[in-house]
> 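Dumping the structure here so I can ask a few things about it.
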Protein chains: 2
Amino acid sequence: MTEPVYDQPALVESEFLQGLPAQDRVAILGVAQRRPVERDHFLLRQGDPADRVYLLAQGRLRLSTVTTDGQEVIVRYVAPGEGFGVAAALKDITYPVSIEAVENSLVMSWDRATFAQLMERYPRLAMQAMQTLAFRMREMQDRVRELQTERVERRIARALLRLVRQTGRKVETGVLIDLPLTRQDLAEMTGTTLYTVSRVLSQWEQAGLVESGRERVLIRAPHRLVTIAEDLPPQPTPDK
Amino acid sequence: MTEPVYDQPALVESEFLQGLPAQDRVAILGVAQRRPVERDHFLLRQGDPADRVYLLAQGRLRLSTVTTDGQEVIVRYVAPGEGFGVAAALKDITYPVSIEAVENSLVMSWDRATFAQLMERYPRLAMQAMQTLAFRMREMQDRVRELQTERVERRIARALLRLVRQTGRKVETGVLIDLPLTRQDLAEMTGTTLYTVSRVLSQWEQAGLVESGRERVLIRAPHRLVTIAEDLPPQPTPDK
DNA sequence: ACCCGAATTTGCGCTGGCGCAAAGACAGAA
DNA sequence: TTCTGTCTTTGCGCCAGCGCAAATTCGGGT
C-alpha cells in the first residue's frame, strides 16, 4: 500500500494536523515513516526504547500495560486520526505500554528529533500535540475518579459509552462498537473480571439495552446506558 | 511580599523553567501575575473559566474534584516549583478541579494568550510545559493501574511514598510528610474511606513503620512501605 | 484552664463483587 | 462436516473493605 494518504479525512482532521494548511500537512506527513501493522501484531512492547511519535492512519490499536504480577490493564484503544506516544517520546527512556493492532492498521510515525524540529517549524503542530497530551491526561483523570467513586456497573457503562463515541458505527438496531471486544477486554478497561462483565452484559441484554456476541457489543439504547453511567433515575420507557 | 523571586531555587529548577537561561527566566517571570493565597483559601474552583497557567513559587496546594453526588477525589498536591493548569488553559472552557492552599502560598500565573506567546518565543518553555503534561498523564495512568489491580493497603502505601518523594522532609526518626494530611485526605487519594485508612495506619504504627498524629504522618521505615507497595516479601528486620 | 468541634479509633455486621467451578457456545481450521 | 480452543455463561460460596455506631483524643480558640 503506497498510495498517498495525505488527503484521507482521518489524517486531515487528525489530532496532530487539524487546523494546519494542506501544504504543511503534506510536508509533515512527507517525512513520516509509514508502517502497516497486521492484526494481532505488536507495533511496540512495554519497555521498548521510546523514540517515536505516532499517528494512526487506519485500523485500530490497543494500548495496554502489564503489572509486575502479570495483570493486564487496557489504557485505551486508538482510532484513526488519533496520535499517541507523545509523552513517551519527550523524555521517557522506555514506553510504558504495549501497542497491538486489533485489526490491520497503518501507522505514521516520526522519530523524536524529527518531531521536535517539526514542532519548532510548525507551532500549531506543537499546540495540537500538547492538546493531545492534555486530552489524554483528562481521560486518565476521569478514569481515576470513576475507579475511586463508582461501582462496577457504572464503570462498564462508561467504558462502553467511550467506545461508542470513539469507534461506534450506526447500524439498524443501534450503535455497534466497531472493534473486536471480549469480556476480558472490557474487564481490563474497568478494573473488574470477565465474569462480572459477562453477568452485567447478560443482564443488560435481557433488559434490551445491548445486543452482544462473541467479541462483539452493540448498544441498542445508548441513552439508557447514560442513565446507568451517570446514576440518574430511569426515564419512563416508551410503550411497546 | 514584593521582593524578587526570580532566583528562588524552586523557580529556577521549576518544571516550566528548568534549563532556560537566567535572562529568559527573568523575562518570563517578569510578566507573570503573582498572587498570594492564604491557607484554606481557594485559588480557583472547579467549573471556573480556564484561562490561566500556574506555577507554584511557595507553599502547598491541593487539587481536587467533586463528583455529581458529592464525593471528593484528591487529584494531587502541588509542591513549590510545580506547574499546573496547562491542560485546562489550552482549550478547556472550565477548570476540572478546585485548587485550595493547604498552607500560605505564592502562585505565579500567566493568562492563556500570554503563555502561548511565551511558548512561541521560548521553545524550551513549550517543551517543558509539554513534559509537565506528560508527567501528569503518566501519574494518572499509574493511578488507574493501581486502582484497577491493587488492594487498598498497597494503594495507601503508594500514596504515602508519592508524598514522601514530593514533599518529604528528613527528621530524626524518619521522613515527615510536610503538609497537613488527614485520614480523609489519604482516603480521597486512594479510593477508600477514612476508617480504612485509620485502621491501616494504626496497624502500621504498631508495626513501627510510621508515626502519626492528627493531620500528620511520619514514615519511620520507607523501605518497608516499599515492600508493601510493591507486594514484595518482607525483608528480615534487624535485631532490636 | 476550659471548651468544643474536628479528627481519630475501634468494633462489628453487611455486601458488592470476586474466585472458582463447571458447562455450554461458537468460530475458525482442518 | 468435524474438531478444538477460545470465549461466554451461570451458580454459589467467600471475603476485603465498607457503613455505621459509639467513644475517645486533641488542638485551637476563648
Side-chain angles (χ1 to χ4, degrees), chain A residues 38-40 62 69-74 100 102-103 146-160 177 179-207 210-218 228 231, chain B residues 38-40 62 67 69-74 100 102-104 146-160 177 179-207 210-218 228 231:
Chain A
E38 282 185 42
R39 171 182 170 144
D40 295 336
R62 175 172 61 231
D69 55 359
Q71 295 184 71
E72 186 157 331
V73 173
I74 288 178
E100 176 177 6
V102 297
E103 57 189 63
E146 290 161 20
L147 282 159
Q148 289 197 197
T149 63
E150 296 175 1
R151 296 193 170 213
V152 69
E153 199 184 46
R154 293 183 65 188
R155 301 200 311 266
I156 296 171
R158 285 198 190 278
L160 288 173
I177 289 171
L179 52 71
L181 185 68
T182 66
R183 275 52 171 163
Q184 178 66 22
D185 290 339
L186 262 174
E188 289 172 13
M189 295 178 77
T190 54
T192 183
T193 66
L194 77 91
Y195 312 106
T196 301
V197 171
S198 186
R199 292 189 189 97
V200 171
L201 285 188
S202 292
Q203 191 189 332
W204 287 346
E205 186 142 21
Q206 284 176 15
V210 303
E211 284 170 28
S212 68
R214 187 193 183 91
E215 298 192 17
R216 173 181 173 280
V217 182
L218 178 154
I228 292 175
D231 205 23
Chain B
E38 280 186 44
R39 170 182 171 147
D40 295 336
R62 176 171 61 230
T67 69
D69 56 359
Q71 295 185 70
E72 186 156 331
V73 173
I74 289 178
E100 176 177 8
V102 298
E103 57 190 63
N104 289 345
E146 290 159 23
L147 283 159
Q148 289 199 195
T149 63
E150 297 176 1
R151 295 191 170 216
V152 69
E153 199 183 45
R154 293 183 65 187
R155 302 200 311 266
I156 294 170
R158 285 198 190 277
L160 288 173
I177 289 172
L179 54 71
L181 185 69
T182 66
R183 275 52 170 163
Q184 178 66 23
D185 290 339
L186 263 174
E188 290 171 13
M189 294 177 77
T190 53
T192 183
T193 67
L194 78 90
Y195 311 106
T196 301
V197 171
S198 187
R199 292 188 188 97
V200 171
L201 285 187
S202 293
Q203 191 189 330
W204 286 348
E205 186 140 25
Q206 285 177 11
V210 305
E211 284 171 26
S212 68
R214 189 191 181 92
E215 298 191 16
R216 172 181 175 280
V217 181
L218 179 153
I228 292 174
D231 205 24

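Only heavy atoms go into these numbers, but all of them, side chains included; no hydrogens, no water, no symmetry mates. Note on naming: letters A, B, ... go to the chains in the order of the sequence lines (proteins, then strands), and numbering restarts at 1 for each one.
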> Look for any protein N or O under 3.5 Å of an N or O in nucleotides 22-30 of chain D and output each such pair with its distance, or none.
{"from": "D:dC26", "atom 1": "O2", "to": "B:Arg214", "atom 2": "NH1", "distance (Å)": "3.3"}

> List the atom of B:Arg39, the atom of B:Val102, and the distance in Å for their closest heavy-atom pair.
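In terms of heavy atoms, the two residues are closest at CG-O, 3.6 Å.
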> Rounding to a whole Å, what distance do you find between A:Glu215:CD and D:dT9:P?
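Taking atom P of D:dT9 as the reference, CD of A:Glu215 is at 12 Å.
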> What's the CG-P distance between A:Asp185 and D:dT6, to the nearest Å?
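Rounded to the whole Å, the gap is 15 Å.
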> When you measure from the side chain of A:Arg155 to the backbone N and O of A:Leu147, does any donor-acceptor pair fall under 3.5 Å?
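Checking the backbone N and O of A:Leu147 against the side chain of A:Arg155, no donor-acceptor pair under 3.5 Å is found.
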> Any chance you could measure B:Arg183, atom CZ, to B:Leu194, atom CG, to the nearest 0.5 Å?
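If I round to the nearest 0.5 Å, the distance is 9.5 Å.
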> Look at the side chain of B:Arg199 and decide which nucleotide, out of C:dT8, D:dT10, D:dC20, has an atom nearest to it.
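Per side-chain heavy atoms of B:Arg199, the pick is D:dC20.
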> I want to check something: taking the side chain as every heavy atom from C-beta on, are A:Val73 and A:Glu188 in contact at a cut-off of under 4.5 Å?
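Counting from C-beta outward, A:Val73 and A:Glu188 never come under 4.5 Å.
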> Please work out if A:Ser202 contacts a base, only the sugar-phosphate, or nothing of the nucleic acid, heavy-atom cut-off 4.0 Å.
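It contacts sugar-phosphate atoms only.
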> I'd like to know if the side chain of A:Glu205 reaches the main chain of A:Ser212, judged simply by a donor and an acceptor atom lying under 3.5 Å from each other, with no hydrogens or angles considered.
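Checking the backbone N and O of A:Ser212 against the side chain of A:Glu205, a donor-acceptor pair under 3.5 Å is found.
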> Rounded to the Å, how far apart are B:Glu211 CD and C:dT8 C1'?
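Whole-Å distance recorded here is 17 Å.
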> Rounding to a whole Å, what distance do you find between B:Leu181:CG and C:dA6:P?
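Rounded to the whole Å, the gap is 19 Å.
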> Nearest of D:dT8, C:dT8, C:dT10 to any side-chain atom of A:Thr182?
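So the side chain of A:Thr182 is nearest to D:dT8.
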> Supply the atom-to-atom distance A:Thr196 OG1 to A:Ile156 CD1, rounded to the nearest 0.5 angstrom.
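A:Thr196 atom OG1 to A:Ile156 atom CD1 measures 7.0 Å (nearest 0.5 Å).
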> Without swapping roles, check the side chain of A:Ser202 against the backbone of A:Ser198 for a donor-acceptor pair under 3.5 Å.
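Checked: pair present.
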> Return yes if some donor-acceptor pair links the side-chain N/O of A:Arg158 with the main-chain N/O of A:Glu146 below 3.5 Å, else return no.
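Side chain of A:Arg158 to backbone of A:Glu146, a donor-acceptor pair under 3.5 Å: no, none is there.
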> In whole Å, I'd like the distance from the CG atom of B:Leu186 to the P atom of C:dA7.
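Checked: the CG to P distance equals 14 Å.
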> Between atom CD of A:Glu150 and atom OG1 of A:Thr190, what is the distance when rounded to the nearest 0.5 Å?
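Here the interatomic distance stands at 11.5 Å.
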> Looking across every strand, which nucleic acid part, if any, lies under 4.0 Å from B:Leu194 by heavy atom: base, sugar-phosphate, or nothing?
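The residue B:Leu194 makes base contact.
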> How many Å lie between CD on A:Glu205 and C1' on D:dT9, as a whole number?
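In whole Å, D:dT9 C1' lies 11 Å from A:Glu205 CD.
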> Please give, in whole Å, the distance from C:dT8 P to B:Gln184 CD?
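In whole Å, C:dT8 P lies 9 Å from B:Gln184 CD.
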> How close or far is atom P of C:dT10 from atom CZ of B:Arg183, stated in whole angstroms?
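Rounded to the whole Å, the gap is 11 Å.
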> What protein N or O atoms touch nucleotides 15-17 of chain C N or O atoms at under 3.5 angstrom, if any, and at what distances?
{"from": "C:dG16", "atom 1": "O5'", "to": "A:Arg151", "atom 2": "NH1", "distance (Å)": "3.4"}
{"from": "C:dG17", "atom 1": "OP1", "to": "A:Val152", "atom 2": "N", "distance (Å)": "2.9"}

